[in-house]
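Proteins come first, then strands; the chains are lettered A, B, ... in the order of their sequence lines, and each starts at number 1. These values consider heavy atoms only, across backbone and side chains, with no hydrogens, waters or symmetry-generated copies.
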Protein chains: 2
Amino acid sequence: MRIGEIATRTGVEVETVRYYEKAGLLPPPARQTNGYRAYGMAHLERLAFIRHCRALDIPLANIRELTRFMEKPPADCSGINALVDEQLRVVRARLKSLKALEKQLSLLRQRCTEGGRGKCGILEELVAAAHGEACACHG
Amino acid sequence: MRIGEIATRTGVEVETVRYYEKAGLLPPPARQTNGYRAYGMAHLERLAFIRHCRALDIPLANIRELTRFMEKPPADCSGINALVDEQLRVVRARLKSLKALEKQLSLLRQRCTEGGRGKCGILEELVAAAHGEACACHG
DNA sequence: CAAAACCCTGGAGCCGCTCCAGGGTCAAGC
DNA sequence: GCTTGACCCTGGAGCGGCTCCAGGGTTTTG
């Protein structure tokens with residue numbers, strides 16, 4: 001299997017596949033006589049694994065750790081749990097701040113219709129923050 | 001006001017202030033005879049404005065546009081509306097995918113306790129994805 | 001047999017900072 | 001007067017996770 005095929009089969013860009021190899025996530029494959037990369041099923045699986053983890057927004061460094069776990073399973077899976085828990089914590093924190101963000105932005109958006117002729121409620125709101133006045137965002 | 005003061009007053013790092021100048025967001029201030037940057041109130045306001053926009057996760061390019069609007073207010077504020085709407089759209093999209101993510105991760109986390117001695121449900125789940133089997137994440 | 005599609009390497013660019021090396025300047029304390 | 005430490009300067013590199021490009025070679029298609 002050449003790089004183009006493994007890429008389309010996993011839904012990853014060709015450049016990204018090479019990047020994963022360079023980053024030490026995907027083991028370097030054998031080469032054909034012309035220098036082309038020759039992948040096997042193990043690579044396909046590994047790449048699908050990486051993609052799956054990335055879909056969960058797990059950082060590359062953590063995926064590297066997970067693959068190490070896979071190759072050499074630890075006695076207990078407390079390391080793996082910690083990793084997933086950590087990821088869950090990160091995601092939940094991001095979720096929280098994004099929710100706040102959405103609220104602020106929709107408040108800001110409402111400002112547009114207020115303020116009458118020639119005045120832009122949005123810009124005024126943003127400038128108010130610069131003056132340290134109370135604003136919809138920072139109380 | 002020197003760079004350290006304006007930085008602490010707005011809660012921005014000194015390096016970041018210089019970066020905003022280089023990025024064309026903060027106009028270059030006057031210089032003291034020793035070469036130190038000398039900021040005035042206008043800079044303080046502008047920096048607070050930038051920081052506020054960043055707190056709303058508005059990208060620097062859009063902040064640049066907003067400051068242009070401020071310096072030269074347009075007849076209508078449809079450009080500004082579009083900008084805020086766009087930001088809102090981005091945030092909502094991110095929110096949606098983060099919510100899905102959180103669900104997948106907590107499902108994954110539950111797998112740990114299942115599967116008995118020596119088996120790691122989490123790793124198995126992730127590997128199942130590599131095999132293209134149905135998994136908690138991609139159906 | 002030419003054009004298109006694929007492959008290779010090495011390096012730069014994206015965003016929004018952050019940090020570092022290698023210097024200059026200045027106020028306070030001994 | 002001299003050291004210490006805090007502050008300031010510039011220019012450039014590094015982060016993550018790709019993405020794109022130049023400048024080549026090879027294979028497939030019409």
Side-chain angles (χ1 to χ4, degrees), chain A residues 1-26 28-40 43 46-47 49-67 83 86-87 90-91 94 97-98 101, chain B residues 1-26 28-39 43 46-47 49-67 83 86-87 90-91 93-94 97-98 101:
Chain A
M1 195 172 6
R2 297 192 312 193
I3 199 170
E5 192 182 341
I6 203 176
T8 50
R9 285 232 260 173
T10 51
V12 169
E13 292 221 23
V14 167
E15 308 265 17
T16 307
V17 177
R18 283 196 283 252
Y19 170 76
Y20 286 157
E21 181 182 334
K22 201 159 52 177
L25 279 163
L26 195 59
R31 298 288 183 136
Q32 295 172 358
T33 49
N34 56 13
Y36 288 11
R37 286 171 178 81
Y39 295 98
H43 288 100
R46 170 63 62 91
L47 192 48
F49 176 81
I50 294 170
R51 193 179 114 74
H52 188 73
C53 290
R54 288 299 299 140
L56 295 173
D57 213 17
I58 297 174
L60 297 190
N62 289 5
I63 300 178
R64 233 179 330 249
E65 255 190 276
L66 281 176
T67 60
L83 216 144
E86 164 68 9
Q87 186 61 19
V90 167
V91 165
R94 275 216 290 260
S97 71
L98 261 192
L101 209 50
Chain B
M1 196 173 5
R2 295 191 313 193
I3 199 168
E5 192 183 341
I6 203 175
T8 50
R9 286 232 259 174
T10 52
V12 169
E13 293 222 25
V14 166
E15 309 265 18
T16 306
V17 178
R18 283 195 282 253
Y19 170 75
Y20 286 157
E21 182 182 333
K22 201 158 50 176
L25 280 163
L26 195 58
R31 297 289 183 134
Q32 295 174 358
T33 49
N34 56 14
Y36 288 13
R37 287 170 178 81
Y39 294 99
H43 287 99
R46 169 64 62 90
L47 192 48
F49 176 81
I50 295 169
R51 195 180 112 73
H52 187 73
C53 289
R54 288 299 300 139
L56 295 173
D57 215 15
I58 297 175
L60 297 192
N62 289 4
I63 301 178
R64 233 179 330 249
E65 256 191 274
L66 281 176
T67 60
L83 215 145
E86 163 68 10
Q87 186 61 18
V90 168
V91 165
R94 274 216 289 259
S97 72
L98 261 192
L101 209 50

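Put simply, CD1 on A:Ile3 is 17 Å from P on D:dT26, counting in whole angstrom units. Note: CD1 (B:Ile58) to P (C:dC15) measures 16 Å, nearest angstrom. With rounding to whole Å, B:Tyr36 atom OH is found 4 Å from D:dC8 atom C1'. Atom CD1 of B:Ile6 and atom P of D:dC7 are 16 Å apart (whole Å). Protein atom CZ of A:Arg51 is 15 Å distant from nucleotide atom C1' of D:dG17, rounded to whole Å. The distance from atom CD of A:Glu21 to atom C1' of C:dG10 is 14 Å, rounded to the nearest whole Å. In this structure, the CZ atom of B:Arg64 is 11 Å from the C1' atom of C:dG16, given to the nearest Å. The CG-C1' distance, from B:Leu25 to C:dC15, rounds to 12 Å in whole Å.
Proximity of residues 8-20 of chain A to DNA chain D (heavy atom under 4.0 angstrom from any strand atom) is restricted to A:Glu15, A:Thr16, A:Tyr19, A:Tyr20.
Closest to the side chain of B:Leu60, from the set D:dC8, C:dG16, C:dC6, is C:dG16. Comparing atom distances between the A:Arg37 side chain and each of C:dC8, C:dG16, D:dT10 picks out C:dC8 as nearest.
Looking at heavy atoms from C-beta onward, A:Glu86 lies out of side-chain contact with A:Leu83 at the 4.5 angstrom threshold. At a threshold of 4.5 Å between non-hydrogen side-chain atoms, the residues A:Glu21 and A:Val17 do not count as touching. B:Met1 has its side chain out of reach of B:Pro29: every pair of non-hydrogen atoms, C-beta onward, lies at least 4.5 Å apart. Taking the side chain as every heavy atom from C-beta outward, B:Leu60 and B:Arg54 approach each other to under 4.5 Å.
Taking side-chain N and O atoms only, B:Arg31 has a distance below 4.0 Å to OP1 or OP2 of D:dT10. In this structure, A:Arg54 reaches the D:dC18 phosphate: one of its side-chain N or O atoms is under 4.0 Å from OP1 or OP2. In this model, the phosphate group of D:dT27 is approached by a side-chain N or O of A:Asn34 to a distance below 4.0 Å at OP1 or OP2.
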Q | Verdict with supporting geometry, B:Leu56 and B:Gln87, side chain to side chain contact (heavy atoms under 4.5 Å, CB included) | A | CA-CA 9 Å; B:Leu56 295 173; B:Gln87 186 61 18; 5.7 Å; no

**Q.** side chain to side chain contact (heavy atoms under 4.5 Å, CB included) between A:Arg51 and A:Leu47, worked out
**A.** CA-CA 6 Å; A:Arg51 193 179 114 74; A:Leu47 192 48; 5.8 Å; no

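Between the side chain of B:Gln32 and the backbone N or O of B:Ala38 there is no donor-acceptor pair closer than 3.5 Å. At distances below 3.5 Å, not a single donor-acceptor pair connects side-chain atoms of A:Arg46 with backbone N or O atoms of A:Thr67. At distances below 3.5 Å, not a single donor-acceptor pair connects side-chain atoms of A:Arg37 with backbone N or O atoms of A:Pro28.
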Distances under 3.5 Å between protein N/O atoms and the N/O atoms of nucleotides 13-15 of chain D, please, pair by pair.
none

